[in-house]
Structure formats: structure tokens, C-alpha cells
Visitor: 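Below is a structure I'd like to ask you about.
Quantities reported herein were computed from a predicted structural model and do not represent experimental measurements. In listed order, ligands and their atoms are each counted from 1.
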Amino acid sequence: MKRRSFLKGSAVAGVTTLCGAGTAKAAESCMPTLKAPAQSAQLNLCLQWNKIPGGEMNQKLDFLEANGFKAVEIPSGKWPIDNCDAMLKAMKGRKLTLATACGPSNFAYAEEAKREAEVQKFLPIIEALGKMKSVGLIICPARGKLSEPGWLSGKDLRKDFVENTGRRLAEHAHKHGTSIVLEPLRRNETPFLRQVADGATIARDIGPGCAVMGDFWHMQLEETSFLGAFISGGKLLKHVHIAGLKKRIIPGVFPEDNYVDGFKGLKLLGYRGAVSFEGGWPKDPANPKKSVAEPERIRLIKNMVKLLNEQWAMA
Ligand code: MG
């Protein structure tokens, strides 16, 4: 018998000796033990700007602080540039952090000039986010079928995003103390980036200034395990979106809204980023063409905060 195959055989035999007794206790002694993260995780609940009750900037931030939120998510586009100084002033002295800026993006245009225009559009937005100490700019690298002429797809798109568009945005973000945060979507929205692990790999390949996020709504269709998906994001996981799992509305309306498995993954990572509600409102039973009005929205927000805190404790 050759030395290598002898060693292989011995290793297997050794495992059999240790774990072979067949009892549950013996099996337990063979289980890997998980190391607690250096810093324990925190549930930092967050709302997107247009979901926060109140009209004026300070009213919205007051609402968040008074109702158990720890972070705020703002719109992308021109919003961060136009509101940078006012936000810096309004956030001063508050126990809130500025999570991400969220808005549309697409880097799959086959025409180089269009991709370049998209990069140029985001550079000043990134600078404003850096000034506000935001976690980063959410980027969905490519949307649509990407199969018609006019779009990059597959390895060409990945190569261009990793080596050109995505990398330049990430480098700019890193220079300004923030990041770009890649968001995996559903298959009907993009064939390019659908899973947290894939986003983490792209972020790793791009390097400093690039991170990944997970959105429970997309993840439930695209991932086999919330826990597994979050763990595969590892240290690169910087943001989480959450919505009802049966319907993309505020969590807590349907009994299917169970996030315990995902929260376990976040706890194992020592995750301290935001968990931000992204979704709609239920319809008003009295007027089914319209969403519920503000008093009911406030009740639903409070209900969500209670539910998510309970499920975080259970995880
Ligand atoms: Mg999302």
C-alpha cells in the first residue's frame, strides 16, 4: 500500500473509532464547535426615507429615535448631494447612523459611453455619502434580461464590472471613507447577481471599497438557506433589507414572516450593520385601491419593531 493511501485509510479509520459508537452523544462529540465573533451582533433596525412618517427631516429622524430604530437609509440619485449639509446638521447628536443610499443603477450597457456616464453620475453621490459617513451606495450591477443586443452579459459583464466600472466606483468610495454595496436581486430582475455568495465573491475580487448585502425578499427565492447565505457574505456583508416573506410589504402582517434562521446567520457573523425595511404597505380594507393611511402605518411599524426584536432574541 502506498504511503498516501495508507494515511487516507488511517484517517477515515480514526474518525470511525471516535464517532463510530453510534450514540447521539458520540455524534455530538464529533460536531464542530463554533467560535463566537469577537464582537457580538446587534440588531440595528432601519427605515428607508420614504417609509418614515413625518414630513420634515428632523421629524423623520425624531420618529426613528423614538421608536427603536438605530439607522436610516436615504435615497440615492441627487438626494445625497442636495441634502448632504442639512443631513449632517440634523444627524448631529443623534443615536442614529446613516446606513446606505438606495436607488437604481445599471452597468450592463454594451455601449461604453453609457457605462461611463453611469460611473460619472455616481462619483459625486459617493463623495456626498463619504462626507455623511454613510455605510455606502447600494448598487445593483445589472438589471433586465441582458440577452438582447445592447447589453453586456455573462463573463464580459463580470469582467468589465470587476475590472472597470465597479472597481473605479469602489476605489472612489474607499478613498472617501465609504463603499459600494452590491445587492443580489431575483431572477426576474437580473440574471447577473442573484446570490449573496456570488456578490461577496465579486466584492472580494474588486477589493477595498466594495461590499455585499442581502435582501430577505430576494433571498427567499434565490437561496437555499438564509443562515448559510449570510454566513457566506462574511465580513463583506454590510447591509440587510427586510420585507414580508409572503408579500413584499412590512413584516408582521402574515404569519409566514419568520426571520429567525437569517438572524442566526447574522449573529454568527457578529453583524452590526442595519436591517432596513424595504417594501410596501398593505391595502386599506375600506379602500382597496389605496394603501393604509399614516396612523395604520405607524401601528404596523411598531408591530414590526416588536416582532423583529422578539425573533432576534429567539435566534
Ligand atoms: Mg433590496
Visitor: In this structure, would Leu182 and Trp217 fall into the same cluster of hydrophobic residues linked by side-chain contacts under 4.5 Å?
Guide: no

Visitor: Find, among atoms of Asp215 that are N, O or S, the one nearest to the Mg ion (ligand 1), and state its name.
Guide: OD2

Visitor: Could you tell me whether any N, O or S atom belonging to His218 is less than 2.8 Å from the Mg ion (ligand 1)?
Guide: no

Visitor: Under 4.0 Å between a Lys/Arg side-chain N and an Asp/Glu carboxylate O for Lys289 and Asp284?
Guide: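 Salt bridge between Lys289 and Asp284, a charged N being under 4.0 Å from a carboxylate O: no.
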
Visitor: Of all N, O or S atoms in Glu278, identify the one at the shortest distance from the Mg ion (ligand 1).
Guide: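 Checking each N, O and S atom of Glu278, the shortest distance to the Mg ion (ligand 1) belongs to OE1.
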
Visitor: Compute the centroid of each ring, for Tyr259 and then for Phe226, and state whether the two points are separated by less than 6.0 Å.
Guide: no

Visitor: Which residue, Asp261, Leu43, Asn258, forms the side chain to side chain contact (heavy atoms under 4.5 Å, CB included) with Gln311?
Guide: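 Looking at Asp261, Leu43, Asn258, the match for Gln311 under the side chain to side chain contact (heavy atoms under 4.5 Å, CB included) is Asn258.
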
Visitor: What's the ND1-the Mg ion (ligand 1)-OE2 angle here (His241, Glu183), rounded to 10 degrees?
Guide: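 Rounding to the nearest 10 degrees gives 100°.
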
